[in-house]
Each structure stands twice: as structure tokens, then as C-alpha cells.
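A, B, ... follow the sequence lines: proteins, then strands. Residue 1 opens every chain.
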Amino acid sequence: MKLFSFTTTPIDTVGARRELFDGAAGGYVSFEGWVRNHNEGLAVQGLEYEAFVELAIKEGERIVADAMRRFPIKAASCVHRLGALGVGDLAVWVGVSAEHRGEAFDACRHIIDEVKHRVPIWKKEHYLNGDSGWVNCERCASAPHHPHAHEHSGAHGVSD
Amino acid sequence: MKLFSFTTTPIDTVGARRELFDGAAGGYVSFEGWVRNHNEGLAVQGLEYEAFVELAIKEGERIVADAMRRFPIKAASCVHRLGALGVGDLAVWVGVSAEHRGEAFDACRHIIDEVKHRVPIWKKEHYLNGDSGWVNCERCASAPHHPHAHEHSGAHGVSD
Amino acid sequence: MSAAPTVYGLILAGGASTRMRHDKAALRYGGESQLDRACRLVKPHVAEVFVSVRADQVNDPLRASHPLIVDAFAGGGPIVGIRSALASSPASAWLVLACDLPLLTDAVLEHLLRARDPAALATAYCSAYDGLPEPLCAIWEPAAGEALARWQSEGRSCPRKFLRIHHAKLVDPVDAHALDNINTPEEYATARSTLETPSAPESMQIKIQYYALMREQAGRSDEMLETAAATPAELYRELGERHRFTLPRERLKVAVNGEFSDWSRGLRSGDVVVFIPPVAGG
Amino acid sequence: MSAAPTVYGLILAGGASTRMRHDKAALRYGGESQLDRACRLVKPHVAEVFVSVRADQVNDPLRASHPLIVDAFAGGGPIVGIRSALASSPASAWLVLACDLPLLTDAVLEHLLRARDPAALATAYCSAYDGLPEPLCAIWEPAAGEALARWQSEGRSCPRKFLRIHHAKLVDPVDAHALDNINTPEEYATARSTLETPSAPESMQIKIQYYALMREQAGRSDEMLETAAATPAELYRELGERHRFTLPRERLKVAVNGEFSDWSRGLRSGDVVVFIPPVAGG
């Protein structure tokens, strides 16, 4: 089983889940990130994901491997989609199996939080009004005192 | 979409997930309870679920409806299997969609915790050694000072 | 809820029974006519009880002993009785009952009134047989008057169909037989024997359903019990001795008539009790 | 950190190379002996630099030009050199280096010293090849002296194994080749050509790859740059002016050769640099 991988075609959640099966596991938690029809007040019609794949896979694998050390879980995996996606499409999937549900929830949440903060993946949103923009980059860069600027640079700081 | 339901055939997680779709939802969390091959030190070969269906459906619906009021989520649902299950079978499924992942995790965990504590469903485990027993009932009843007795009656207390 | 319209009682006694070849309102149980029995049952639950009659029945001695509401619209049938009552007091709600429900109990009426939703056009039981609304054991709210008038003006007359497509609060039955009505001499005989069988005054018929470990220890899925136990707690003590239940009561919960209950709730004849051992879903 | 023991430098030059058929300390790169080169590199990072020698080497001219620490225990090998240094100044820590690491850089030493944990027995790099600790590019703390003495008294001598089972702070390598040592004439030839190839002293070939917003602002996916920028921070300043990048460096991270890096890391010709704007996975 791959700890972290990319795909340019729809994520096979059924197959990915199957790989986490373990006879000693009593709980399975999965997270799916879906493309929303809006973000920060703008109507979204689709988006594109791009990654620095070489480093992203290393960092993604470190996150999942680290979660498997930190939490008493049986197996975990994360798959991220790349390329153009429409509203409702599945952008990222995280699955965790564990003996007990508490650890499965904790580890799953930890992995998606870390992936969102640390893995070099970027998202360009296309808005219904014709605009587009790289999330966390452009509006913050042009308005450094926007409250989100601090939040994002803080998030970045965590992973340094 | 049904908030809470029972099935005597394998849970259709794909169909159940589809019903939670919402264009404004950016996060989806699901929990699956799998039949483990062991419990409290005994090797399990299978189990049976039984419910007081009339009241269980009412109580399950109350739990999910309550979660939809408490947490800012888009949709939620729970399906529980009844009858005989083998190791690895899916016993219960909870799915939650929400704008943001934090609430989806919180609500999903809340629902499964409450379902396990409040809904009148019982589980009889069949062990590889030929024994069987109703979980939370028999060993505790015969050994009322076993530490689990307090835990379970506490759990029961929560739902009174 | 205190602002909800006052509820009056309306016993429908305008119909002519073709199958019984008899005036149903006059059928007697334990020396009491069905109409008198219905009025007596409803009385404690409402502000006042009226009997719905056709204009040609106002001098019938059985009916004339009660306050009457005479059909004020053409067409006949229950819908006219209900509309006439709503028109006679447009700000009130009406607990409407067919008079041929000999198995009706206080508990059934109480449960319906507790479940009432004044914002619906009516609050009605679902049939225990087909799940459809029971319009003739139902609370009709003031707003139903106009809607029923429209319904009748469209040539329709069935109040059950009316409730299916209008906004009605539907309530699950607490007792499958409570709303059985009497349409044949055979049904009449059965109902009489049920009602007239003497039973000790403090003794009740309680049904107990068993699940999981309780079912195995009781050796059965359910049983009917003639008991003097006043509460579920007393009932568990009585049955625990008989079936040698191993779980102390503190580890259980209890449900009465399909809902969680206090152990100290007063039991009533016909109640269905379930002892709930520690649960283990998921 | 101000209370941490002072660090001295120790260059191990006591070994006899069998495979090189030569005294490794005397191998020359760009006109400088390997031993002199090692001493020069370490000097700015420590209080004083010593050379570790066997008693029969104290008059060797190459070694005698440096302050010496002579083996004070029996057995030979690096462990004796390290123990002798720790014994000579029991309150000090020692940055211990093999002398045959021609590809070692300032940046590698600086990174190790920054990562130092004075509470561990030693702070050492993990090998880029097998992940095991590298005892001969490591900071040995005072407490290691007694533990090494016990280790040797048990008949053991390998400092790498010592670090595997004692409490050592392990540091990921910043450069896969920095600790390559020279064991054969072929390796010597390769290292010489790497070190002696003339290039403008301050100018390097750096490849930059761009992603997302950076790619759009640079107008390209990658570029080769002849630059004098000594660090990624300087490189970003240089390129930021050229391409009018809008993101301040504080909002970015940087990767060199496929791994996250410090902004102050020393760049080397051939490095591949990626500026990482704020990420937005999921």
C-alpha cells in the first residue's frame, strides 16, 4: 500500500479503502475533500491542482508514516488528485483503520491537517465571474494585512 | 435521505454517501465499524446484531437530527447492520458532509459515540473457542466489580 | 402551547349502519350505550363534549341527552359533521371521534393530545394496519374548516384522503387494536366479551417484549402478564424473580409503549414494556 | 544553550590507510594537504583545533605543525582518539572529524552545530546511504567519555555501534555527498577533479524550478542561472527583482535538491532550487 500518492484520474476510494483492511481493525475513518461551489464569498466553477511531485510525495509519506508512529492505528493512506476538477469532484482522500475508533478519528484528522499545511500542492480556483486565483497566495500577497495572511504564514511556520 | 436506518443486507456505503452530497460541502467524513477478529482477549469468529427496532430508529433519528442542529454540517446519516456478520464485515456506517472538515469530523464522531451508547442494539459475539456472549452484559453481570462494569453503566448513564 | 386553541370533543353519531342493521350508537357494552361510553371517555380530556347528528336525529332520545351539533352543510358523512363543528366555534379545535370504537382507552386519547401539533390542520393516528391517517380519532384545528370546505367544493368527501395530502401531524399508534371499529355482529360479540370480562380492579394486562440477553433468560420474545405491579420497577422485580434475570435493574433502561420511560412511571393496562440491557451497537 | 560546554575541534589523523597505500592525511587537493584543509575548515566553528595522533606520529612534520592530542589509551582506532580528547579537557565537547572528508563544507558543519543537543552523548549526522550515525563528523559531549571507556572495557571499539545504542541526537544530512570519504586512488582522483575544477570563485550554475503562482510570475517552469548568490535567500532576492515576484520571502519555503532547506544553506553549483509558495492541498 502506498502511504501517499497522486492521481490525475478520479480517486479509487473503494480500492484504496480495501488496502487498509486488517482483521484486527474495528474502526475505519475516511476523509474526503470535495470541490465546493464557493470559497471566501466567490462562486467557484472549478479548479486545478498542481504539485511539486517529487518533494510532495516525500513529505506526504513522512506525514502518514509519522501518523502511524504517533497513533496506535493499523494502516493509513492518502491520495491526492491533480489536474482540473469540477464542483463536487473528490480532491483528496485519507483513510485510516485502527483497533479503536478514537485513534482512527485522531489520526485521520491529523493527516489531512498536515497534508494541507505541509505538502507542496497548490490550488488555482476558477470563479463564475471569470476570475481565477491561487488559493492562499494572491489575495494575501496583494493585501498583506488581510487576516488570512497571518493565518497562512502561521500555518507555514508550523511546518518549517 | 433517512437519518438512521437498519439493514439486514450489506450496507450500501456508495449509495448512502451519494445522498450526503451538497455543492456547498467541502468536507466529508465517514466512519465504518468493522467486525474485529478479537475482543477483550478472545478470538472472535462472528457475531449477531439484534435491535429493538421501533425505539432504535426513533433514538437513532434523534441522535442524527440533534447532530445536525448542534454542528454546522450539511447532511448526516447512519446505517446499522442487523443479523449475523463475519470478521471484516461492515457493522455500522456514519457519513457527514459539511462546508469545513472540522465540523464533519466532530459531528461524525459525536454520532457514532451516541449511537453506541444510546441506541437499543445488542451484539452477541461468537468466539473461536465455541463460547458466545452478549457484549457489555454477561461478563459484567457475573462480575459486577470488574472495571468494565462501571464504564458500561456510566455509558448507560450518559444516555438516560 | 398555552396559546393553542381550546379543544372540544365531537362524537360522530350521524351515520346509519347498513352492515350492523342496527343504530351503532345504541350498541351496548356493560349496560352502557356506545354513544354514552364515547362521551364519557372523551369528557375528561376536552372543554365540552358534543354529539354530531343529522337534522332528522335531533329528537332521538339517545342523542338528545347530549349537547348536539347538527349538520349545517349538505352532503352528509363525517366531513359534514366535522365542518359543522368547526363552523360552530371557528376559534376552537375539535377532538373528533367515531362512536363505534369500543376499544378506545383514556391512554389513547391522552397520547394523541400530547402529540398534538396546533400548527398542522389536524393531529391524527396512523392506522396500525395500513399506516394511513385515522380521521375519526383526530384533533382538527380551526384552519381545517376552510380547507375542508374547499375539499368538499371540489366534489371530494373522504376525510382520510384529505389528511393524506394536507399538512397533518401523524402519530404512531400505541395499541394496535384501540381504533378497531365494529362493523359486524361478530365483531360486536368479540368486543363485548373483551370489555365485559371481569378483572381484579388493580390488576392489569401488561405485555413484555424481550431482546438479546433478556430474551434468552426469559426463554421467550414476549409475554402477556396479569400483574399488580404499579411501575416498571415493580414489574422488573416481579419478573426478575420468575425468570432469574442476572442484570441488576441499575444496569438497564426501560421503554413503555415504544419510548424510554422512568422506572417510576405508572403502568396502565395494555402497556407494552421492554427492559433494555446495556447496548452495544456499532 | 549558553551553558553548553565549549566545543573544540579534533581532526583524526592517527590511522594508517591500507587501501590507499598512502598516508591519507597527506593527500593533497589544490595544493593543500587533506589534514591542513580539514583544520582550516573547522577552525571558524570551534574554540581551537587539535589533531589526534598516535604516540609514534608526534614528530611527523605534517602533523607537528598543529596542536596535538596523543592517544592516551591502549587499543588504537578512532575511539581512542576521541577518548583521549575528552580526557584531556573533561568539561569540553569535541567536534570530531575524520581527515579524509574532502567534500565537507562549512554549511555541513554549521548545520551540525546548530542541531547540537548538549544533553545527548553526541550529535551526529545520519548517513545518506544507510541512515546509520556518522561518528566521525559528530559533536561528542563530556559525558561520552565515561560511556566510551565502559564500551571499550567490554571489548568493543566501533563508535558507530556505540552511537546506535546510546543516546545520540541524529541529524538528517543536508548534502548526500558531504561525508563521502576517500578510500581508493579512484575516489581520490574523482574528489580532486571535483575540488580542483576551476570555476569563477563566486559563480555557480543553479537550476530553479517554478510552480503555481511562481511559475506564472516567472513566466517559465524552470531556468538555469549563473549566479554568485551564496544562499537560497540571496538567490530569491536576485530572482525576485528580475521576475517581480509578489510574495515576500517570509511567506515561502525553499527546497534544494528535492528537500526542504534553510534559507541560509550554502548553495553549490548544480543545485536545484524550488521556491515554495503557500500551499493549498485538499
Donor-acceptor pairs, chain A vs chain B, cutoff 3.5 Å:
{"unit_1": "A:Arg17", "atom_1": "NE", "unit_2": "B:Glu32", "atom_2": "OE1", "d": "2.8"}
{"unit_1": "A:Arg17", "atom_1": "NE", "unit_2": "B:Glu32", "atom_2": "OE2", "d": "3.1"}
{"unit_1": "A:Arg17", "atom_1": "NH2", "unit_2": "B:Glu32", "atom_2": "OE1", "d": "2.6"}
{"unit_1": "A:Gly23", "atom_1": "O", "unit_2": "B:Asn37", "atom_2": "N", "d": "2.8"}
{"unit_1": "A:Gly23", "atom_1": "O", "unit_2": "B:Asn37", "atom_2": "ND2", "d": "3.3"}
{"unit_1": "A:Gly26", "atom_1": "O", "unit_2": "B:Trp34", "atom_2": "N", "d": "3.0"}
{"unit_1": "A:Tyr28", "atom_1": "N", "unit_2": "B:Glu32", "atom_2": "O", "d": "2.8"}
{"unit_1": "A:Tyr28", "atom_1": "O", "unit_2": "B:Glu32", "atom_2": "N", "d": "2.7"}
{"unit_1": "A:Ser30", "atom_1": "N", "unit_2": "B:Ser30", "atom_2": "O", "d": "2.9"}
{"unit_1": "A:Ser30", "atom_1": "O", "unit_2": "B:Ser30", "atom_2": "N", "d": "3.0"}
{"unit_1": "A:Ser30", "atom_1": "OG", "unit_2": "B:Ser30", "atom_2": "OG", "d": "2.7"}
{"unit_1": "A:Glu32", "atom_1": "N", "unit_2": "B:Tyr28", "atom_2": "O", "d": "2.7"}
{"unit_1": "A:Glu32", "atom_1": "O", "unit_2": "B:Tyr28", "atom_2": "N", "d": "2.8"}
{"unit_1": "A:Glu32", "atom_1": "OE1", "unit_2": "B:Arg17", "atom_2": "NE", "d": "2.8"}
{"unit_1": "A:Glu32", "atom_1": "OE1", "unit_2": "B:Arg17", "atom_2": "NH2", "d": "2.7"}
{"unit_1": "A:Glu32", "atom_1": "OE2", "unit_2": "B:Arg17", "atom_2": "NE", "d": "3.1"}
{"unit_1": "A:Trp34", "atom_1": "N", "unit_2": "B:Gly26", "atom_2": "O", "d": "3.0"}
{"unit_1": "A:Arg36", "atom_1": "NH1", "unit_2": "B:Glu99", "atom_2": "OE1", "d": "3.1"}
{"unit_1": "A:Asn37", "atom_1": "N", "unit_2": "B:Gly23", "atom_2": "O", "d": "2.8"}
{"unit_1": "A:Asn37", "atom_1": "ND2", "unit_2": "B:Gly23", "atom_2": "O", "d": "3.2"}
{"unit_1": "A:His38", "atom_1": "NE2", "unit_2": "B:Glu99", "atom_2": "OE1", "d": "2.8"}
{"unit_1": "A:Glu99", "atom_1": "OE1", "unit_2": "B:Arg36", "atom_2": "NH1", "d": "3.1"}
{"unit_1": "A:Glu99", "atom_1": "OE1", "unit_2": "B:His38", "atom_2": "NE2", "d": "2.9"}
{"unit_1": "A:Arg101", "atom_1": "NE", "unit_2": "B:Asp113", "atom_2": "OD1", "d": "2.9"}
{"unit_1": "A:Arg101", "atom_1": "NH2", "unit_2": "B:Asp113", "atom_2": "OD1", "d": "2.8"}
{"unit_1": "A:Asp106", "atom_1": "OD1", "unit_2": "B:Arg109", "atom_2": "NH1", "d": "2.9"}
{"unit_1": "A:Arg109", "atom_1": "NH1", "unit_2": "B:Asp106", "atom_2": "OD1", "d": "2.9"}
{"unit_1": "A:Asp113", "atom_1": "OD1", "unit_2": "B:Arg101", "atom_2": "NE", "d": "2.9"}
{"unit_1": "A:Asp113", "atom_1": "OD1", "unit_2": "B:Arg101", "atom_2": "NH2", "d": "2.8"}

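- Between chain B and the options A:Gly95, A:Cys108, A:Gly102, A:Ala24, the largest number of non-hydrogen pairs under 4.5 Å is found for A:Ala24.
- When each of A:Phe105, A:Phe31, A:Phe21 is scored by its heavy-atom pairs under 4.5 Å with chain B, the top score falls to A:Phe105.
- Under the side-chain contact (heavy atoms from CB on, under 4.5 Å) criterion, A:Ala107 pairs with A:Phe71, A:Ile73, A:Val96, not counting sequence neighbours.
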